[in-house]
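Notes to accompany the following structure.
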Amino acid sequence: MSDMTFRDALRLALAEELERDPTVMVLGEDVADPLGGSYRVTLGLSTRFGAQRIRNTPISETAIVGAGIGAALVGLRPVVEVMYMDFLELAMDQVVSQAAKARYMSGGQVRVPMVVRCQGGPGRAAAAQHSQLLEAWFAHVPGLKVVVPSTPADARGLLKSAIRDDNPVIFFESNLLYNVRGDVPQDDADTVTPLGTARLVREGTDITVVTWGAMVHDAIAAAEQAHARWGVSAEVLDLRTISPWDREAVLASFRKTGSAVVAHQAVRQGGVGAEIAATLYEEALDYADAEIARVGAAFAPTPFSPELERIVVPGVDQILDAIVTTQARRGG
Amino acid sequence: MMHPTGRDPAWVATLYERMVLIRAFEEAAARLYEKGELPGFLHSSVGQEAVAVGATALLHSTDYITSTHRGHGHVLAKGVPPRAMFAELFGRETGTNRGKGGSMHVMDVAAGVLGANGIVGGGIPIAAGAALGIQMLGGERVVVAFFGDGALNTGAFHEAVNLASVWQLPAIFVCEHNGYAESTPSSAASRVDDIAVRAAAYGLPGFAVDGNDLFAVLDAVERAISRARQGEGPTLVQCATYRWYGHYIGDPGAYRSDEEVAAWRDRDPIVRVSAWLTEHATWDAEDEAVVRERVERKIGEAIDFGRASPRPAPESALADVYAAGASNEGARS
Ligand SMILES: Cc1ncc(C[n+]2csc(CCOP(=O)(O)OP(=O)(O)O)c2C)c(N)n1
Ligand SMILES: [Mg+2]
């Protein structure tokens with residue numbers, strides 16, 4: 001184990017996989033040294049692995065993602081960096097109609113082992129075009145995997161799994177987490193976190209909180225406050241992979257607690273929380289003691305003003321509220 | 001009587017003051033940002049003032065521009081008051097965008113500013129569209145699209161310039177070529193240096209000018225504007241310039257050498273205009289002091305106004321997600 005930041009853990013995963021597999025390469029805007037990425041995740045990699053494997057690109061998101069797909073089709077494992085999740089919009093055709101469909105449409109002939117790393121999210125007064133969380137868009141597309149780590153250990157473990165996976169993976173890094181520190185297993189370069197498995201963050205018996213990314217940290221704080229102030233025992237699950245998501249883990253927890261809050265920073269309307277809540281109703285209605293609560297951003301773009309942003313984007317208070325309201329509604 | 005240089009010194013003096021105002025705005029904003037008073041990101045245009053002022057000097061208030069993440073200069077030059085800009089940078093209700101846009105998104109349609117943009121290349125197709133609107137609605141208005149050298153390699157640039165050319169739209173595409181997109185030198189992103197080569201590929205004229213020379217920018221854009229106003233279609237103008245600071249305030253800029261930065265600082269576009277005024281007009285230290293004093297006062301007042309302005313009302317967080325209904329009126333009203 002060693003203590004490191006989320007950012008360093010991502011860099012470690014990249015370096016380990018670049019070392020292990022000569023077909024892994026990185027391409028994106030400003031990923032090479034001296035900058036090493038707009039958020040310094042790839043710092044040092046071009047110096048160590050060379051400018052052929054760690055490549056700066058023009059500002060051409062369609063070509064960057066498309067080049068990743070083409071290179072993957074003929075045998076590479078590209079890790080593409082798109083500077084902000086918002087900018088994936090410029091490459092939507094390549095992501096959605098090309099990468100996601102190549103295997104199926106070809107009758108299983110090909111694989112697209114490509115990772116698209118992107119970062120962003122709200123909370124920094126970055127305004128409406130640099131704050132969006134679009135995981136629901138990608139979770140809606142069959143053929144894509146969607147991964148959102150919340151801890152340094154998972155940043156490393158999940159990125160390694162994503163690189164080794166034979167499918168296109170959208171890998172989202174919340175900007176708020178880059179400097180978060182934590183223990184990262186470093187004994188074995190093959191320690192990975194399997195995709196599609198949730199992590200039990202905090203055990204509880206009264207209510208299940210399902211969340212991911214930066215919001216995991218808010219959920220932990222809310223669970224602690226709920227316990228301290230009302231004696232409510234909240235179980236917190238970090239979904240880690242949004243697609244495919246760990247239905248078994250979420251259902252098992254819900255069957256135990258009988259109530260749930262699904263919380264994400266992304267816009268609530270049409271969000272992934274709706275999918276999870278609907279699944280719980282479909283599969284485990286008999287276990288429900290109260291309506292399932294959804295926490296998500298208000299139906300508005302992200303405003304620049306920090307005061308307004310705090311109104312639109314949910315945090316600890318909204319999760320705590322949902323926990324308390326749900327508990328109050330319990331039939332018991 | 002015509003001035004021997006063919007330029008009216010009084011007019012040049014007003015353009016000079018506009019350049020000094022942009023610089024003072026940017027320097028003051030950077031200081032406030034460093035003190036933590038301004039939220040979000042801040043991209044400074046110091047060093048590029050001649051492009052902003054030269055490309056807008058001959059526009060009317062009814063003409064339009066689209067701008068970029070580095071857009072303070074363009075927007076100020078088009079006539080947006082510094083006080084509304086500072087209020088926006090502070091995130092206040094009295095800002096151009098009522099605190100909802102911030103530095104990268106300043107929009108003031110009344111002043112002809114169809115928006116700065118957080119997406120590289122994002123404004124270029126919109127400029128083509130505004131030019132389409134003008135062509136359809138009639139009149140002699142024009143649209144100037146500002147963008148950086150990095151945007152030259154976006155699909156949006158290619159598609160929009162081609163469209164404007166094939167439809168002969170009244171647009172002027174002004175590339176602010178400062179040599180870098182974040183840390184990437186333009187030579188690492190394109191093998192085409194000569195804008196005329198790019199322009200030829202779309203079937204429109206392209207001029208490359210010294211973007212630190214106000215008069216060079218003015219003359220090139222004057223030709224482009226007159227083509228656009230006469231229905232002769234769009235023009236590409238590439239202005240070679242330099243941003244004195246990092247990509248954003250706080251960027252250490254390790255990818256540029258100190259010598260390179262110093263060499264460009266020696267080509268200060270503002271000093272060059274003041275030298276012209278000294279040589280060709282009755283311009284002395286006193287005139288200079290008057291301009292500086294007036295600009296300082298204006299910027300000081302604008303900052304005070306922004307800082308003292310109210311924060312947006314909480315209800316406004318959810319307002320204006322949609323327009324109210326079907327007004328059956330033009331989008332401007
Ligand atoms: C589509 C898109 N990709 C990437 C970015 C991130 N980004 C913001 S500014 C910038 C560099 C732009 O360079 P240039 O167009 O030359 O403008 P300059 O910053 O030099 O004024 C980049 C890559 C973005 N905002 N939008
Ligand atoms: Mg540039």
Side-chain angles (χ1 to χ4, degrees), chain A residues 28-40 42-43 46 51 55-66 83-84 86-94 120 123-132 267 269 297-313, chain B residues 38-41 69 88-93 95 97-106 116-122 148-158 180-186 188-190 247-248 251-256 311-322:
Chain A
E29 291 158 22
D30 301 284
V31 295
D33 296 332
L35 196 65
S38 272
Y39 290 95
R40 311 298 189 275
T42 51
L43 187 65
S46 69
R55 269 184 202 236
N56 277 353
T57 64
I59 306 175
S60 310
E61 282 77 8
T62 294
I64 301 167
V65 175
M83 208 181 278
Y84 277 75
D86 313 67
F87 309 162
L88 271 174
E89 294 157 9
L90 286 98
M92 279 308 264
D93 167 64
Q94 293 295 325
R124 302 193 311 137
Q129 296 176 341
H130 285 71
S131 303
Q132 297 173 88
V267 171
Q269 175 169 318
F299 198 58
T302 312
F304 167 65
S305 144
E307 295 80 29
L308 296 187
E309 185 175 14
R310 278 193 287 275
I311 294 171
V312 168
V313 180
Chain B
L38 305 180
F41 308 132
H69 57 286
E88 189 59 32
L89 267 51
F90 277 105
R92 302 305 162 93
E93 172 67 37
N97 305 36
R98 298 185 165 182
K100 284 175 161 176
S103 161
M104 274 194 293
H105 301 289
V106 170
N117 216 303
I119 303 298
V120 171
D149 48 292
L152 286 169
N153 305 311
T154 63
F157 168 81
H158 166 82
Y180 292 85
E182 294 208 12
S183 73
T184 303
S186 55
S190 170
H247 172 59
Y248 53 86
D251 167 17
Y255 46 86
R256 308 192 304 187
R311 293 171 198 279
E315 314 80 83
S316 73
L318 301 184
D320 287 326
V321 177
Y322 296 96

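Just so you know, these numbers use all the heavy atoms, side chains as well, and skip hydrogens, waters and symmetry mates.
Remark: B:His158 NE2 to A:Thr62 OG1 distance equals 11.5 Å, nearest 0.5 Å.
Using a 4.5 Å cut-off between heavy atoms, B:Leu89 contacts chain A through its backbone alone, with no side-chain atom that close. Using a 4.5 Å cut-off between heavy atoms, A:Asp30 touches chain B through backbone and side chain atoms alike. Proximity to chain A is absent for every atom of B:Tyr180, based on heavy atoms less than 4.5 angstrom apart. In this structure, the portions of A:Phe299 lying under 4.5 Å from any heavy atom of chain B include both its backbone and its side chain. In this structure, chain B has a heavy atom under 4.5 Å from the side chain of A:Ile311, while its backbone stays farther away. Of the two parts of B:Asn117, the backbone and the side chain both hold a non-hydrogen atom closer than 4.5 Å to a non-hydrogen atom of chain A. Contact annotation for B:Phe157: neither backbone nor side-chain heavy atoms come within less than 4.5 Å of a heavy atom of chain A. Neither the backbone nor the side chain of B:Ala319 comes within contact range of chain A, judged by heavy atoms closer than 4.5 Å.
Most heavy-atom pairs under 4.5 Å with chain A: of the set B:Ile119, B:Leu152, B:Val120, B:Asp251, this distinction falls to B:Ile119. Taking chain A as the reference chain and counting heavy-atom pairs below 4.5 Å, the highest number among B:Ser316, B:Pro314, B:Gly118 is found for B:Gly118.
Contact between B:Pro312 and A:Leu308 at its shortest, heavy atoms only, is CB-CD1, 3.7 Å. Across all their heavy atoms, A:Ala127 and B:His105 have their closest contact at CB-CD2, 3.7 Å. Taking each heavy atom of A:Ser305 and B:Gly91 in turn, the nearest pair found is CB-O, 3.8 Å. In terms of heavy-atom proximity, B:Leu318 sits nearest to A:Ala300 at CD2-CB, 3.9 Å. Looking at every heavy atom in both residues, A:Ala126 comes nearest to B:Met104 through O-CE, 4.0 Å. Of all non-hydrogen atoms in B:Ser183 and A:Leu35, the two that sit nearest each other are OG-CB, 3.6 Å.
Atom CZ of B:Arg98 is surrounded by 12 or fewer heavy atoms from other residues, nucleotides or ligands within 6.0 Å. By the neighbour-count criterion of 12 heavy atoms within 6.0 Å, atom CG of B:Asp320 is sparsely surrounded, having that number or fewer from other residues, nucleotides or ligands.
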Does the side chain to side chain contact (heavy atoms under 4.5 Å, CB included) test come out yes or no for B:Glu182 and A:Ile59, once each step is laid out? CA-CA 10 Å; B:Glu182 294 208 12; A:Ile59 306 175; over 6 Å; no
